[in-house]
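Only one structure is covered here, and it is reproduced in the block below.
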Protein chains: 2
Amino acid sequence: MVKYVVNNASNLTMTADQLSNIFSALADPTRRAILARLALGETSVNELAAPFEMSLPAVTKHLKVLQRAGLISQSRQAQSRPCKLEAKPLQEVATFLAQYQQFWEQRLDQLDSYLLSLNLKENE
Amino acid sequence: MVKYVVNNASNLTMTADQLSNIFSALADPTRRAILARLALGETSVNELAAPFEMSLPAVTKHLKVLQRAGLISQSRQAQSRPCKLEAKPLQEVATFLAQYQQFWEQRLDQLDSYLLSLNLKENE
DNA sequence: AACATATTTAACCATATGGTTAAATATGTT
DNA sequence: AACATATTTAACCATATGGTTAAATATGTT
């Protein structure tokens, strides 16, 4: 009987694998909105927080989650800590998706040929 | 001051938006392993559970999460409830990623031209 | 009907997550 | 030095998540 080793972290405070961190980070709408803002360009925590009806510490926590996933980085500019979107984790998601791309493209193809067959019948 | 409405669910038991459900479902390595197995074809809960060192009810719960995200569907075949991978949510992830694809492709391009410039210098 | 097989549900538990307010820290300005 | 601005940390809280074991349910076989 084969057992998959699903997570190789050996210590008890299990550090989730990177892909899990990335997907967890993306699983929150506030964080996705923050990323969408950052796609427009680097900006401060205050400006990132402004649109949301939550406290600044809550936003800081979201940024920590995004940082743990490698999705953003922060620098220093006077008192401000501007945040920047980082591309690499998104590429990892793309790589993950690629495993399945064939699968769902195939299914689309099946749909295509089904629609095509309907079409052919119509024109008979 | 603009406030984003990040989640439009009005009742207190907030039903997270679909994209959040999908990313949450993908954020667990056991569930990603289950999806990987299902990419090979439909199979029973027992067979899905076999490789993991956890109880069957734990696997059932993971399947529930995958189902809530629309990533799998279950049918009935005698006592068995075979699971099948569903493509649509993965397409939604792809759509989400597409928003950023330009961003990270651009960054790769920048790396490319940097490497190219190094190359040119080398050949001077 | 009784038993077997496949799966789910219920009740429970420990830890993670996403929020809060109050206080602390880092940097810049007067 | 004192104050202002930007952000983070600490302590706390309610709910979600991912696991457990025991019992229930659905279907098939004898």
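Hydrogens, waters and symmetry mates play no part in the numbers below; they use all other heavy atoms, side chains included.
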>> On DNA chain D, does the nearest nucleotide to B:Ser55 precede the nearest nucleotide to B:Ser24 from the 5' side, or the other way round? Give the residue.
In response: B:Ser24
> When you measure from the side chain of B:Ala58, which nucleotide among D:dT7, C:dG18, D:dT20 comes out closest?
Replying inline: D:dT20
> Roughly how many Å is it from CE in A:Met54 to C1' in C:dG18, rounded to a whole number?
Replying inline: 8 Å
>> Among C:dT9, D:dG18, D:dT7, which nucleotide has an atom closest to any side-chain atom of B:Thr60?
In response: C:dT9
>> Pair A:Arg32, B:Asp17 - check salt bridge (Lys or Arg N to Asp or Glu O under 4.0 Å), show working.
In response: CA-CA 12 Å; A:Arg32 289 197 304 277; B:Asp17 64 297; 2.6 Å; yes
>> Please confirm whether the shortest side-chain N or O distance from A:Asn46 to OP1 or OP2 of D:dT5 is below 4.0 Å.
In response: no
> Which of these, B:Glu42, B:Gln67, B:Glu86, B:Lys84, sits in a side chain to side chain donor-acceptor pair (under 3.5 Å) with B:Ser73?
Replying inline: B:Glu86
> In Å and rounded to the nearest 0.5 Å, what is the SG to CG distance from A:Cys83 to A:Leu38?
Replying inline: 6.0 Å
>> Let me confirm one number: the CG-CD distance from B:Leu66 to B:Gln74, rounded to the nearest 0.5 Å.
In response: 9.5 Å
> Between C:dA22 atom P and A:Leu56 atom CG, what is the distance in whole Å?
Replying inline: 15 Å
> When you measure from the side chain of A:Lys64, which nucleotide among D:dT7, D:dT9, C:dA11 comes out closest?
Replying inline: D:dT9
> Any side-chain N or O of B:Ser80 under 4.0 Å from OP1/OP2 of C:dT7?
Replying inline: yes
> Between B:Ser20 and A:Pro29, which heavy-atom pair has the shortest distance, and what is it?
Replying inline: OG-CD, 3.4 Å
> What distance separates B:Leu26 CG from A:Leu26 CG, expressed to the nearest 0.5 Å?
Replying inline: 9.5 Å
>> Closer than 3.5 angstrom, by distance alone: can the side chain of A:Arg37 be matched with the main-chain N or O of A:Ala39 as a donor-acceptor pair?
In response: no
>> What does the 5'-to-3' dot-bracket notation of DNA chain D look like when only Watson-Crick and G-U wobble pairs under 3.5 Å count, and pairs to other strands show as |?
In response: ||||||||||||||||||||||||||||||
> Quick one: B:Leu66 CG to D:dT17 C1', roughly how many Å, whole number?
Replying inline: 14 Å
> In Å and rounded to the nearest 0.5 Å, what is the OG1 to CG distance from B:Thr30 to B:Leu63?
Replying inline: 11.0 Å
> Rounded to the Å, how far apart are A:Phe52 CZ and C:dT20 C1'?
Replying inline: 18 Å
> Looking only at side-chain N and O atoms, does B:Gln74 come under 4.0 Å of OP1 or OP2 in C:dT8?
Replying inline: yes
> Which of these nucleotides, C:dT7, C:dT21, D:dG19, is closest to any side-chain atom of A:Pro57?
Replying inline: C:dT21
> How long is the line joining NZ of A:Lys61 and P of D:dA10, in whole Å?
Replying inline: 11 Å
Enumerate the protein-to-nucleotides 27-30 of chain D contacts in which both atoms are nitrogen or oxygen and the separation is below 3.5 Å.
| residue | atom | partner | partner atom | Å |
| --- | --- | --- | --- | --- |
| D:dT27 | O2 | B:Gln79 | NE2 | 3.4 |
| D:dG28 | O4' | B:Gln79 | NE2 | 3.1 |

>> Tell me the interatomic distance from A:Leu63, atom CG, to C:dG18, atom P, rounded to whole angstroms.
In response: 13 Å
>> Taking the nucleotide of DNA chain D with the nearest heavy atom to each, does A:Glu47 or B:Ala27 sit closer to the 5' end?
In response: A:Glu47
>> Please report the distance, rounded to the nearest Å, between CD1 in A:Ile34 and P in D:dT7.
In response: 12 Å
> Whole-Å distance between C:dA16 P and B:Asp28 CG?
Replying inline: 14 Å
>> Using modelled atom types and a 3.5 Å cut-off, is there a donor and acceptor pairing between side-chain atoms of B:Arg31 and backbone atoms of B:Ala25?
In response: yes
>> Taking B:Ala36's backbone N and O only, do any of them form a donor-acceptor pair with A:Tyr100's side chain (distance below 3.5 Å, no angle check)?
In response: yes
